[in-house]
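Residue numbering restarts at 1 for every chain, and letters A, B, ... go by the order of the sequence lines.
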Number of protein chains: 2
Amino acid sequence: MNQLADRGEPTKGRSRRLGKNGDGAERHEAIYRSISDAIIEHRLKPGARLREDALSEVFGVSRTGIRKILQRLALEQLVTLTPRRGASVTRPTADEAREVFDARQMIECGLMPEVAKRIGAADVQELRAMASREREALRAGEQSTAIKLSAAFHERLAELSGNATLAAFVGRLCSRSSLILAVYGNPGNLGCESHDHDDLIRYLEAGDGEGAKAFMSHHLKEIEASLSIVEEEAEAPDLHSIFGG
Amino acid sequence: MNQLADRGEPTKGRSRRLGKNGDGAERHEAIYRSISDAIIEHRLKPGARLREDALSEVFGVSRTGIRKILQRLALEQLVTLTPRRGASVTRPTADEAREVFDARQMIECGLMPEVAKRIGAADVQELRAMASREREALRAGEQSTAIKLSAAFHERLAELSGNATLAAFVGRLCSRSSLILAVYGNPGNLGCESHDHDDLIRYLEAGDGEGAKAFMSHHLKEIEASLSIVEEEAEAPDLHSIFGG
DNA sequence: GGCGCCCAATGCGTATACAATAAGGGGATC
DNA sequence: GATCCCCTTATTGTATACGCATTGGGCGCC
């Protein structure tokens, strides 16, 4: 039946010739990144609903593929999947925010000595370039880009430790941090000061693992301190706790 | 269609007549646990293939649901999804094994001081019970059960820190550790000595966070030392590296 | 006039059908 | 007799169709 539709008209004018398996995986990966980036860059704000139909139409794949991607995002806690209500961008709670920063404190700081040991000249160059691009984005007022670059910087740093497992954890924590910034951040204050990352690189370049560790700890504490982490309780006022029900 | 198969065999209570959405989620969760447990208990060994058809028949749900579960397991790195070859139980590499233990070293040890601070009498009781069951299983020669209980102990311990995010990480690391034991473990040596966990509980009960941390570090090092972490290279002899091609 | 119930529509959950690919076996040829 | 190629088969990837729950609005009743 759809052999007919196959040649003439993709019906929805949706892209072309999909159904091809070969590039299906890449396509899905690209879609995943699109959505993930949009969330991290705050172009999709916490609470935003992500309807499967709409996404499938936008990206030109069927709901099946979208669902797969949405599930992956849900497992990374970037989107929340409520049983019959569909997907929406996760709105982190205050508790989660604290947990994420405690976790970053432990893992990222713990990784610094190893990074300081392993870092090479090429790595230093790369990190400097990333920090530079980040500073540029900040100066240009492109908050979205700056946020993404900052997360990428922290993630790349973790990768330099040589432990891919922990680096993956850090990556997830950074993504979630971006979400947390969107909810609890104050406008104009991005968390990561632009010079901080450069200072950090200097410690690492000098092989000063303990210095880098201490600096990272301070850096993360500053980011966390710049937030206003208070429960907003906008949509689900807990009547039980209010009236002692 | 599948009503036919319906009468024959309740198998696990009521299997079919799904399509009911309400309990679908629970059912999927149960299936997920079944497979996950089977892997952790080494009833499914690394490298074992997990065909979608077979699983869908066994559990009485369609391939759609199985795929979802398989993807979740893949994201947790318990199964490996190769593009056109389907799913199989992950066979961790030696590098991954080292990474996992390094990660556990960092996170689990780092959590001990907080756990020692927060632990209560009821928690101590619960942990002792778990350790006791574990010892029993070991004595009865039920390796599968002992492995699962040991992982559960470490995971519960992490939960007591109050940081659910890090606890989830630890849970994933423990699951992967179980896989690592299956590949690199020596028979008869289970890794976790039976008395170790009891000793650890004593440190925590006494509020000695640093002591618990040091003990945990030693404990993990012993487990890692009991393994024979060498690449096996069974199925893909790298001819290039052998012949210098 | 307000409150509660019912109906319709939207959108997710599941199953099934179809297409494509990779692997393995058999046959033919050199 | 061995090797290479093609064909068959088994298994995944994707799309679509159908069913059900939930939600929002309209209507009737109190």
Side-chain angles (χ1 to χ4, degrees), chain A residues 1-32 47-74 79-89 235-236, chain B residues 1-6 14-32 35 47-74 79-89 235-236:
Chain A
M1 36 183 65
N2 50 7
Q3 289 93 329
L4 303 178
D6 197 15
R7 47 133 205 84
E9 235 284 295
T11 311
K12 285 178 173 48
R14 37 85 145 151
S15 337
R16 31 73 238 277
R17 188 80 326 132
L18 48 102
K20 234 35 189 16
N21 286 333
D23 67 355
E26 303 169 12
R27 177 122 189 81
H28 279 185
E29 186 67 21
I31 297 172
Y32 162 78
R49 291 195 55 182
L50 301 171
R51 288 189 305 112
E52 297 179 354
D53 284 352
L55 290 173
S56 71
E57 192 180 354
V58 167
F59 291 108
V61 295
S62 81
R63 275 181 48 218
T64 309
I66 294 295
R67 286 179 65 82
K68 190 165 78 174
I69 294 165
L70 249 24
Q71 273 169 21
R72 180 168 163 195
L73 289 165
V79 312
T80 302
L81 242 43
T82 51
R84 302 228 139 261
R85 213 79 69 76
S88 59
V89 178
E235 44 200 337
Chain B
M1 29 196 84
N2 50 9
Q3 289 90 333
L4 302 179
D6 199 14
R14 59 95 182 94
S15 31
R16 335 295 132 111
R17 188 76 299 133
L18 46 101
K20 236 32 196 354
N21 286 331
D23 66 356
E26 302 169 12
R27 176 122 190 82
H28 280 186
E29 186 67 22
I31 296 172
Y32 163 78
I35 300 177
R49 292 195 54 184
L50 301 171
R51 288 189 303 113
E52 297 178 355
D53 283 351
L55 290 173
S56 72
E57 193 181 353
V58 167
F59 292 108
V61 296
S62 81
R63 276 180 48 218
T64 309
I66 294 295
R67 287 179 66 82
K68 190 166 75 174
I69 292 165
L70 249 25
Q71 272 170 23
R72 179 168 164 195
L73 288 165
V79 312
T80 302
L81 244 40
T82 51
R84 301 226 143 258
R85 212 78 69 74
S88 59
V89 178
E235 44 199 338

Candidate pair B:Gln71 and A:Arg72, rule side-chain contact (heavy atoms from CB on, under 4.5 Å), full reasoning:
CA-CA 8 Å; B:Gln71 272 170 23; A:Arg72 180 168 163 195; over 6 Å; no
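The NZ atom of A:Lys68 sits 12.5 Å away from atom CG of A:Leu73, with the distance rounded to the nearest 0.5 Å.
Following rounding to the nearest Å, B:Leu81 (CG) and D:dT11 (P) show an atom-to-atom distance of 16 Å. A straight line from CD of B:Glu26 to P of C:dG13 spans 14 Å, rounded to a whole angstrom. Straight-line distance from the CD atom of A:Glu57 to the C1' atom of D:dT16: 16 Å, rounded to whole Å. Rounded to an integer number of Å, the gap from CD of A:Gln71 to P of C:dT14 is 10 Å. If you take CD of B:Glu52 and C1' of C:dT16, they are 14 Å apart, rounded to a whole angstrom. Rounded to whole Å, the distance from CG on B:Leu70 to P on D:dT11 is 14 Å. Between the C1' atom of D:dT12 and the CG atom of B:Leu50 lies a distance of 14 Å, rounded to the nearest Å. B:Arg84 has its CZ atom 16 Å from the C1' atom of D:dT9, to the nearest Å.
OP1 or OP2 of C:dG11 sits under 4.0 Å from a side-chain N or O of A:Arg51. Contact annotation: A:Lys68 side-chain N/O to D:dG13 OP1/OP2 distance is not under 4.0 Å.
Looking at B:Arg63, its side chain comes within 3.5 Å of the base of D:dG13 through a donor and an acceptor atom.
The salt bridge (charged side-chain N to carboxylate O under 4.0 Å, His left out) test applied to B:Arg67 returns B:Glu52, not counting sequence neighbours.
Within the 4.5 Å cutoff, no side-chain heavy atoms of A:Leu55 are placed close to those of A:Asp53.
Checking B:Arg49 against A:Gly65, the closest nucleotide of DNA chain D that is more toward the 5' end is the one next to B:Arg49. Sequence order on DNA chain D of the closest nucleotides to A:Ser62 and A:Arg85 puts A:Ser62 first from the 5' end.
Among C:dA23, D:dA15, D:dG13, the nucleotide with an atom closest to any side-chain atom of B:Arg67 is D:dG13. Closest contact between the side chain of A:Thr64 and the listed nucleotides D:dT12, D:dT16, C:dG11 involves D:dT16.
At least one donor-acceptor pair closer than 3.5 Å links the side chain of A:Arg27 to the backbone N or O of A:Phe59.
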